[in-house]
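To start, the structure itself, in structure tokens.
Residue numbers start from 1 in every chain, and the chains themselves are labelled A, B, ... in the order their sequence lines are given, proteins ahead of strands.
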Amino acid sequence: MSEQLDENKLIALRREKLAELRQGGIPFPNDFRRDALAGELHRRYGDETAEALEELAVSVKLAGRLMGKRIMGKASFAHIQDMSEPRMQIFLQKDALVDGVYEDFKGWDLGDIIAVEGVMFRTKTGELSVKAREIRLLTKSLRPLPEKFHGLTDAETCYRQRYVDLIMNEDSRRVFQLRSAIVRYIREFLSERGFIEAETPMMQVIPGGARAKPFVTHHNALGLDLYLRIAPELYLKRLVVGGFEKVFEINRSFRNEGLSTRHNPEFTMIEFYQAYADYRDLMDLTETLLRGIALSLLGTTVVTHQGKDYDLGQPFRRMTVLESILQYNPDIRAEDLAERESAAKIAARLGIPVAIGDGLGKIQTEIFEKTVEDRLDEPTFITAYPAEVSPLARRNDDNPFVTDRFEFFVGGRELANGFSELNDPEDQAERFRKQVEDKAAGDEEAMHFDADYIRALEYGLPPTAGEGIGIDRLVMFFTDSPSIRDVILFPHMRPEAVQTIRVDDSRRPEAGPAIQIESS
RNA sequence: GGGCCGUUAGCUCAGUCGGUAGAGCAUUGCACUUUUAAUGCAGUGGUCAUUGGUUCGAAUCCAAUACGGCCCA
């Protein structure tokens with residue numbers, strides 16, 4: 001017996017065709033080897049004339065998904081799509097194929113995976129094409145593809161069934177190809193500069209390195225609750241203690257928060273640490289990196305995002321938290337930000353709730369977040385964050401109220417956060433204690449006391465600077481994507497209301513009854 | 001968590017004042033040996049997200065729920 005997914009007549013018809021294939025031999029063959037990609041052929045032969053191509057008589061083997069089919073009696077055109085761009089047109093003539101093959105082809109469906117062997121030529125209308133000598137069906141597709149002209153536009157289906165989105169939407173394929181290129185660029189950028197790539201625990205006994213609510217999981221054999229990491233920071237700095245003086249990790253981290261166009265519960269960061277450097281060195285490095293990505297990806301330093309141009313070729317603006325508040329709030333006076341009481345009044349006027357335990361630094365930061373952050377359009381480094389909100393950052397030598405820290409903003413969004421690392425173990429222990437107090441007072445995002453991390457610092461962390469860059473947001477910026485879901489292949493979604501998984505007992509006798517998952 | 005909007009054929013979308021549903025593409029059949037969203041002719045295809053209510057009658061009005069989108073916190 002079997003429980004059906006959403007069957008319809010189109011699928012039933014294709015199942016009948018598959019059943020015939022099963023009768024006729026091996027239905028899912030894997031003995032075809034291609035020797036070319038459509039895109040490569042376009043680049044290599046795209047400029048050759050029809051006559052030149054005829055003379056060259058280049059024979060090629062292509063495979064891919066059947067995306068277009070135009071039957072005109074005893075001749076047909078088809079388009080196949082492989083991992084390259086653009087598609088290649090195939091020309092078939094009944095007389096040029098083995099008897100019966102042309103009739104088989106007429107029964108194939110859009111979406112089927114096919115193999116073609118033939119000769120490059122140019123059609124009357126000038127399109128580079130392959131004249132088929134042999135053509136085979138490799139994989140029967142049972143489900144109809146979306147409409148060929150409008151494609152798939154329903155956002156929900158694009159996210160839930162990314163495979164269909166990728167088949168249909170070149171723009172979507174492009175985003176993820178660029179994402180791959182960005183990650184590769186960053187990895188090479190750091191590797192060339194002598195950084196070592198590391199992999200640190202994703203399951204942690206004490207989640208650290210950021211202020212965030214973690215996900216909890218459980219290790220059965222150890223009888224131990226573990227947290228999915230919210231950041232790799234504390235482990236990477238242990239590695240610097242260990243002598244890996246330049247180290248990075250491209251990491252998936254997890255934060256138990258809501259979903260939005262800017263937040264996914266799991267997200268990708270690059271974190272890197274460099275000994276004998278400070279936060280200013282990392283600001284310079286960040287400028288170089290972002291400029292390099294733009295030039296490498298786009299061939300220009302000007303990035304167009306959501307209708308605006310951002311020139312990463314210019315030096316990025318730099319200002320402190322306090323300077324930025326004053327610049328964007330002409331009605332606020334510097335002296336009013338210097339005292340807790342007057343700053344709290346400003347916060348209250350702005351509708352920011354102030355808790356009794358909040359110090360001046362926290363209040364200043366909230367005023368900054370409320371009135372400045374999303375207006376930081378041009379590439380900007382904001383520096384001098386209060387120590388109160390920067391429990392892992394080194395204090396500034398001249399003004400210990402603030403830290404040697406920066407965040408980078410562009411298009412109103414925070415893309416990076418970096419600082420000179422706090423390497424004084426006693427100061428760090430004190431700041432952990434303050435976090436634990438905050439946690440006891442009900443701050444769910446406050447940090448834990450990580451005694452092993454303090455022990456590591458006590459062995460001596462060299463003067464170091466570290467930085468994290470949000471890869472998803474970076475990719476959003478460079479690919480002009482309005483939502484984080486557009487740059488994550490399988491973004492988090494609520495489960496579909498009722499999902500039935502087909503289990504065919506006749507072929508898997510050991511299997512139990514049909515599995516049915518229903519969400520309540 | 002709050003507000004607004006959406007959910008109709010495989011896909012993209014119409015659906016007027018409440019009278020049991022329509023197009024294009026896909027698909028099926030026929031014709032067609034250089035097409036480009038091929039073309040021509042003829043068909044098939046629907047639990048109008050779900051549940052309940054109002055009504056003689058609901059895709060349409062009301063409510064709740066589910067899922068999604070945008071904005072806000």
Checking only heavy atoms, does the side chain of Gln89(A) share a donor-acceptor pair with the base of rU35(B) at less than 3.5 Å?
-> yes
Counting heavy atoms from C-beta on, name the nucleotide in rA38(B), rU12(B), rG10(B) closest to the side chain of Leu152(A).
-> rU12(B)
Ignoring hydrogens and angles, does a donor from either the side chain of Thr123(A) or the base of rU35(B) sit under 3.5 Å from an acceptor on the other?
-> yes
Are Asp377(A) and Arg413(A) close enough for a salt bridge, meaning some N to O gap below 4.0 Å?
-> no
Do the charged groups of Asp35(A) and Lys61(A) touch, with an N to O distance under 4.0 Å?
-> no
With the side chain of Phe149(A) defined as its heavy atoms from C-beta on, choose the nearest nucleotide among rU27(B), rU33(B), rA37(B).
-> rA37(B)
Name the pairing partner of rG29(B), where a pair is Watson-Crick or G-U wobble with both distances under 3.5 Å, or state none.
-> rC41(B)
Checking rU35(B), rC25(B), rG68(B) against the side chain of Lys148(A) (C-beta onward), the nearest is rC25(B)
May I ask you to evaluate whether Thr153(A) reaches the phosphate of rC13(B), defined as a side-chain N or O under 4.0 Å from OP1 or OP2?
-> yes
What nucleotide, of rC32(B), rA73(B), rC70(B), holds the atom closest to the side chain of Ile71(A)?
-> rC32(B)
Honestly, is Lys94(A) close enough over Tyr102(A), meaning NZ or CZ under 6.0 Å from the six-membered ring centre and within 45° of the axis?
-> no
Name the nucleic acid region contacted by Glu147(A), choosing base, sugar-phosphate or nothing; use a 4.0 angstrom heavy-atom cut-off, strictly under.
-> base
